[in-house]
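Beneath this line is the structure, given in structure tokens, with notes to follow.
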Amino acid sequence: MKSIQTKFIILILSCILICSTVIGGAGIINAEKVVDEDTAQMMNYSCSEKAGEMDALLSRIEQSVKTLTDYTNEHLAGIERLKNDSAYLDEFTKQLESVAVNAANNTEGAVAVYVRYNPDFTPPTSGLLWSKTNLNGSFQQLVPTDFSKYSSTDVEHVGWYYIPVKNGKASWLAPYSNENLNIQMISYVIPIYKENETVGVVGMDIDFTVIKDMVNDVRIYDSGYAFLTDDKGNIMCHKTYPFESPMVSVDKSLVQLVDELKNGTSGSSLFSYENDGVKKKMAFRTLRNGMRLAVTAPFSEIDKSKNQLLLQILISLAVISTLAVFVTVLITRRMVKPLKELNTAAKKIAAGDLSISLTQQTKDEVGALSDSFQQTVNHLQKYIDYINSLAYRDALTGVKNKTAYKETERRLEEQMRQGHPEFAIVVLDINDLKQVNDSFGHDFGDMLIIDACKLICKSFTHSPVYRVGGDEFAVILEGSDYVNYKELLENFQAAIEEYNKHINQENHLSIARGIAVYNSSTDLVFSNVFKRADDAMYQNKADMKRRCVRADYDS
């Protein structure tokens, strides 16, 4: 007959084995789930961040062309005069030249700018064309393309005119090679209409290298990278495949990937595919010009950290189980209480709760078991915290980034639906940052952003600061900061003035700001409050510019 102690030992050992299985299974399942979710979040964040940068560049290019288009429309006396008065045609074209060249000079990557009139009622070379003859040169006036030499269906030579006119709207043209400059270019063209008749087009050619450089700068994991395709799955930028080659022609296994890119779907999950026998995962976003930016990495690299974590869990469980058996044989009774605590902790982990703290400490193997288990959980928690810090912290300034801002926006929107929260939004924007970057370099511009961020954080010490754009910050005021926001804004202005006293005049820091206080009767959604703050900031920016111009004029 087996003794009670033997039976008890067998019972305890059986319970320990069950607990180890539960803890190990829960740990492995939760580790896989957490790491997979964090991996998808990190890749999607990286893709979204780079897509945001590229969309910002494309938006600036669009704005330059739109500005030139608006100027052309505003100063065009009438289409009949353009048709019948050749002297006015020449005079009007001459009037546009300085504006067009200035717009091109202030547009990143611009290599050509043009305004072309409808060849149906103007000479075939009418209009203006200013282009660089080499990438490092200045813009020079060239003879515009002769429409009489080409058919309207000749996309290669005159598609830049007829495609936007046919579309009836502003259009991004597909990248193409410029043999004169030996570069690839991408064009943005806006058709002009007057009195329901086509006047012509305004366009700008951009060095596609500026976009390719942004794509090639993306690095994720060990060998992960980004690539760019059009909406039909043709390669626009890839570290391996040639320009304009269809993806399905270089690897038949990419058919499903091309279909995914064509659909333009995107979300929080990653798309799995195989390329050249290597299994990969991809996140992608659709850019404002219709192209697809994709970030991809091999399964092996994505799962590396997860496999290491799972191995640590398995090793820890093996150590824990060995110690548990040894201690159970020697001190059966002393193990009952600590094992109950471990079992409770295992249930918490199985429920996804990692905020556990083991209190039963003994100076024996049971204590070592508890310590090892606690360290495993702590390592897992630290890893999760580290991944979250990458996703919610701005790399340059150290303050919260746009992703964190969106989380706060969702929180406040929920509070707005449930009640009447008290908060205000301050939107701040650094003035003339592009001019600083152009004059002194981006490193100096980054230093200016950091200094501006320090002043903002110093002035709003009890409120979260978010970097929501390259040179744009937002501060959410609640509590005492909300009550004392006027005093905080005054202190902020005083801090800027104090900062400018100690630097050269040409390096003065200028920050436009606007504030909006939540009004439950008018603000239905959070974006209403932000828009009012943003509008107030731009009004403040305009006022600052007018004061600066007036000061220059008086001097």
Side-chain angles (χ1 to χ4, degrees), residues 54-55 57-70 72-73 76 79 82 96 100 103-104 107 109-131 142-181 183-194 196-208 210-211 228-237 243-246 261-262 264 286-292:
M54 297 176 70
D55 277 341
L57 171 62
L58 296 173
S59 178
R60 292 193 295 270
I61 296 169
E62 293 174 2
Q63 187 58 45
S64 293
V65 180
K66 185 178 184 300
T67 300
L68 179 56
T69 303
D70 292 341
T72 304
N73 272 322
L76 179 60
I79 192 168
L82 197 69
L96 296 178
T107 303
V111 294
V113 60
Y114 46 88
V115 178
R116 297 302 310 273
Y117 307 123
N118 192 335
D120 291 340
F121 56 77
T122 59
T125 59
S126 62
L128 64 88
L129 170 62
W130 285 72
S131 177
L142 302 178
V143 177
T145 302
D146 189 342
F147 280 113
S148 65
K149 295 181 178 180
Y150 307 102
S151 167
S152 62
T153 59
D154 190 341
V155 175
E156 179 180 357
H157 292 97
V158 290
W160 50 267
Y161 178 91
Y162 289 102
I163 290 175
V165 169
K166 181 180 179 181
N167 293 341
K169 62 180 180 180
S171 302
W172 278 101
L173 304 184
Y176 61 98
S177 296
N178 183 307
E179 301 300 332
N180 294 328
L181 296 178
I183 62 171
Q184 294 167 353
M185 299 195 311
I186 186 170
S187 302
Y188 183 68
V189 186
I190 301 178
I192 308 173
Y193 299 97
K194 201 85 168 180
N196 296 323
E197 191 169 356
T198 302
V199 176
V201 300
V202 175
M204 196 173 291
D205 297 335
I206 306 298
D207 182 2
F208 194 55
V210 298
I211 296 177
L228 198 64
T229 74
D230 63 11
D231 56 355
K232 298 178 179 61
N234 298 316
I235 294 294
M236 296 292 105
C237 176
F243 175 68
E244 288 190 321
S245 59
L261 293 171
K262 285 182 178 179
T286 300
L287 302 179
R288 64 186 300 127
N289 67 344
M291 290 187 183
R292 313 296 196 249

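Nothing fancy with the numbering, it's 1 onward along the sequence.
T107 places no side-chain N or O within 3.5 Å of a backbone atom of R60 that could act as its donor or acceptor partner. Using a distance-only test at 3.5 Å, with no hydrogens or angles considered, no donor-acceptor pair links the side chain of T198 to the main chain of G200. R116 contributes a side-chain N or O that, together with a main-chain N or O of P124, makes up a donor-acceptor pair within less than 3.5 Å.
To the nearest 0.5 angstrom, T286 atom OG1 is 4.0 Å from R292 atom CZ. Summarising the geometry, atom CD1 belonging to I211 is positioned 9.5 Å from atom SG belonging to C237; distances are rounded to the nearest 0.5 Å.
Residues meeting the ring-ring contact (aromatic ring centres under 6.0 Å, His included) test with F208, sequence neighbours left out: none. The ring-ring contact (aromatic ring centres under 6.0 Å, His included) check on Y176 picks up nothing, with sequence neighbours excluded. The side chain to side chain contact (heavy atoms under 4.5 Å, CB included) test applied to E197 returns I79, K83, F121, not counting sequence neighbours. Not a single ring-ring contact (aromatic ring centres under 6.0 Å, His included) links Y117 to another residue, sequence neighbours left out. Scored by the ring-ring contact (aromatic ring centres under 6.0 Å, His included) test, W130 finds no partners at all (sequence neighbours excluded). Every side chain to side chain donor-acceptor pair (under 3.5 Å) that S171 has, sequence neighbours left out, goes to N167.
The two residues L173 and V189 have their closest heavy-atom pair at CD1-CG2, 4.2 Å. When all heavy atoms of S131 and L142 are compared, the closest pair comes out as CB-CD1, 3.6 Å.
Annotation: W160 is not in aromatic contact with Y150 [ring centroid separation under 6.0 Å not met].
Side chain to side chain, D205 and S187 meet the donor-acceptor criterion of an N or O pair below 3.5 Å.
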